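Quick notes on the structure that follows.
These numbers were taken from a predicted model, which means no experiment stands behind them.
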Protein chains: 2
Amino acid sequence: MNVRTLCLSILYEGEATGYDIRRLSVEGECAYFIEASFGSIYPALAKLEDEGLVTSRTEQQSGKPSKKVYSITEAGRTAFADELLAPLAPDTLRSPFLLFARYARILPPELVEERVNDYLQQTVAAKEKLDGVPTGSGCHAADKWVINYGRAIMGVAEQYLRTHMHELITMARAEPKKDAAE
Amino acid sequence: MNVRTLCLSILYEGEATGYDIRRLSVEGECAYFIEASFGSIYPALAKLEDEGLVTSRTEQQSGKPSKKVYSITEAGRTAFADELLAPLAPDTLRSPFLLFARYARILPPELVEERVNDYLQQTVAAKEKLDGVPTGSGCHAADKWVINYGRAIMGVAEQYLRTHMHELITMARAEPKKDAAE
DNA sequence: GCCAGCATATATCGGCCCGGCATATGCCCG
DNA sequence: CGGGCATATGCCGGGCCGATATATGCTGGC
């Protein structure tokens, strides 16, 4: 599930520029399970155009720099559908916070408290972003299904953090510094 | 939270070879939130040794190839503790399955059913692996906290999939092929 | 009994991807 | 009027993954 496929999936729903694709991948309704950066989106789009899976037209804009609007071709739709038929790669989660949490015993309680609070805030913010997605118009039924899955996950994450964060804070070392050398 | 830090975190708990680190990262108690491959572990260890954060000794073995056992140094412990003090990068989730799910409408129901069943199996297996972790001896209190967080998440994921998987299957197209061209 | 496959163990390489930077420009706010 | 921000494209260094190479003994199926 590479950036190439992500671009095709977004263009499958309609025209977009590279910038749009980045924005949708970071702020859009699938932002919580897949992301991509400019450094991979632009080369991916160029390659897709070479292969004839997308086409582009340059649109002049007053003031703003002119933009390159990409559209998916018939071949692109077929290629995307074919990629969905291929076996799925397993999900991957990367959580710097959970690595941090495992070492609470060698960290000052104030820091653990700050980090776990930040993490709770992020979780709540992510959940609220999903709650705020309009479930009408350009949103397919499966999109709602995926969003509700995310809501369910964020919900328990929030609940677990609220009820158990104090346990983690009490695991932090009260002594300054020394334990790290044990 | 790079491979370098992952290596330090594992060596913080005791000696290990590059192979051990790989195994612990894939099968160990933190496998569900961070992983690394040989291609990044071995270069990372070599660099850490250059910098004096770890040391190694070569251990001859009858039959098996001789192994290089790494140990963390005092400087390594300090460097690891310092890295934990730095601001945390946000969690990232990458889910090919959820991208697949969004396009149920252009996929055959049998395929959607198969994929969602596989995904449920994987979720259940991941949860059972966490349930099977021995919560005694070499396992710190914070490790249990992290594992219970994972259990809570996997639990709702399983529940959501069981109660809502049929909705997703009914969203799949009954017609063979054509909708992809719409 | 023999061979395939697997587990152990280290290491490299191509290629994907991210984050930061450069470039360009007009708008808004202080 | 100047700094920062939003729009927009694109490159580059470096990090990381997956595949592959190399070596070897054990185990299970035929």
Side-chain angles (χ1 to χ4, degrees), chain A residues 1-8 10 15-27 31 33-51 54 56-70 83 86-94 96 99, chain B residues 1-8 10 15-27 31 33-51 54 56-70 83 86-94 96 99:
Chain A
M1 223 58 2
N2 44 19
V3 174
R4 177 196 166 82
T5 311
L6 173 69
C7 290
L8 285 178
I10 288 173
E15 293 184 338
T17 66
Y19 193 83
D20 289 336
I21 292 174
R22 161 71 175 174
R23 195 162 36 74
L24 285 169
S25 105
V26 172
E27 301 166 24
F33 65 87
I34 196 149
E35 271 189 46
S37 72
F38 290 129
S40 44
I41 289 171
Y42 284 114
L45 286 171
K47 205 179 163 214
L48 284 169
E49 197 172 12
D50 272 357
E51 295 171 30
V54 304
S56 71
R57 68 192 149 76
T58 306
E59 224 171 68
Q60 233 66 25
Q61 293 187 116
S62 58
K64 281 172 255 182
S66 59
K67 63 184 180 181
K68 235 166 129 178
V69 182
Y70 288 90
E83 279 195 79
L88 292 174
D91 287 9
T92 56
L93 168 63
R94 183 142 305 202
L99 181 60
Chain B
M1 225 51 8
N2 43 17
V3 173
R4 176 196 167 82
T5 311
L6 174 68
C7 289
L8 285 178
I10 288 173
E15 294 184 338
T17 65
Y19 193 82
D20 289 335
I21 292 173
R22 161 71 175 174
R23 195 162 35 75
L24 284 168
S25 104
V26 173
E27 300 166 24
F33 65 86
I34 196 150
E35 271 189 46
S37 71
F38 290 129
S40 45
I41 289 171
Y42 284 114
L45 285 172
K47 206 182 164 211
L48 285 169
E49 197 173 13
D50 272 357
E51 296 171 30
V54 305
S56 71
R57 69 193 148 73
T58 305
E59 224 171 68
Q60 234 65 25
Q61 293 187 120
S62 59
K64 280 171 254 179
S66 60
K67 62 185 181 182
K68 235 168 131 179
V69 182
Y70 288 91
E83 279 195 78
L88 293 173
D91 288 9
T92 55
L93 167 64
R94 182 143 307 201
L99 182 60

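Comparing A/Ser40 and B/Arg4 along DNA chain D, the residue whose closest nucleotide (by nearest heavy atom) sits nearer the 5' end is A/Ser40. Nearest-nucleotide mapping onto DNA chain C: of B/Asp20 and B/Arg94, the residue sitting toward the 5' end is B/Asp20.
At whole-Å resolution of the value, OH in A/Tyr42 and P in D/dA8 are 8 Å apart. The NZ-P distance, from B/Lys47 to C/dA11, rounds to 17 Å in whole Å. Residue B/Leu45 contributes atom CG, which lies 12 Å from atom C1' of C/dA11 at whole-angstrom precision.
Using a distance-only test at 3.5 Å, with no hydrogens or angles considered, no donor-acceptor pair links the side chain of A/Asp50 to the main chain of A/Lys47. Proximity of a side-chain donor or acceptor of A/Arg22 to a complementary backbone N or O of A/Thr17 within less than 3.5 Å is not detected.
For the pair B/Tyr19 and C/dT8, the criterion of a side-chain N or O lying under 4.0 Å from OP1 or OP2 is met. Between B/Lys67 and the phosphate of C/dA9, there is a side-chain N or O to OP1/OP2 separation shorter than 4.0 Å.
At a threshold of 4.0 angstrom between heavy atoms, the contacts of B/Gly39 include nucleobase atoms, whether or not backbone atoms are also involved. Looking at heavy-atom distances under 4.0 Å, B/Thr17 makes contact with sugar-phosphate atoms alone, never a base. Counting any heavy atom pair closer than 4.0 Å across all strands shown, A/Ala46 reaches no nucleic acid atom.
Smallest separation of non-hydrogen atoms from B/Lys68 and B/Thr58: CG-OG1, 4.0 Å.
Distances from the side chain of A/Phe38 to the nucleotides C/dC18, C/dA11, D/dG10 place D/dG10 closest.
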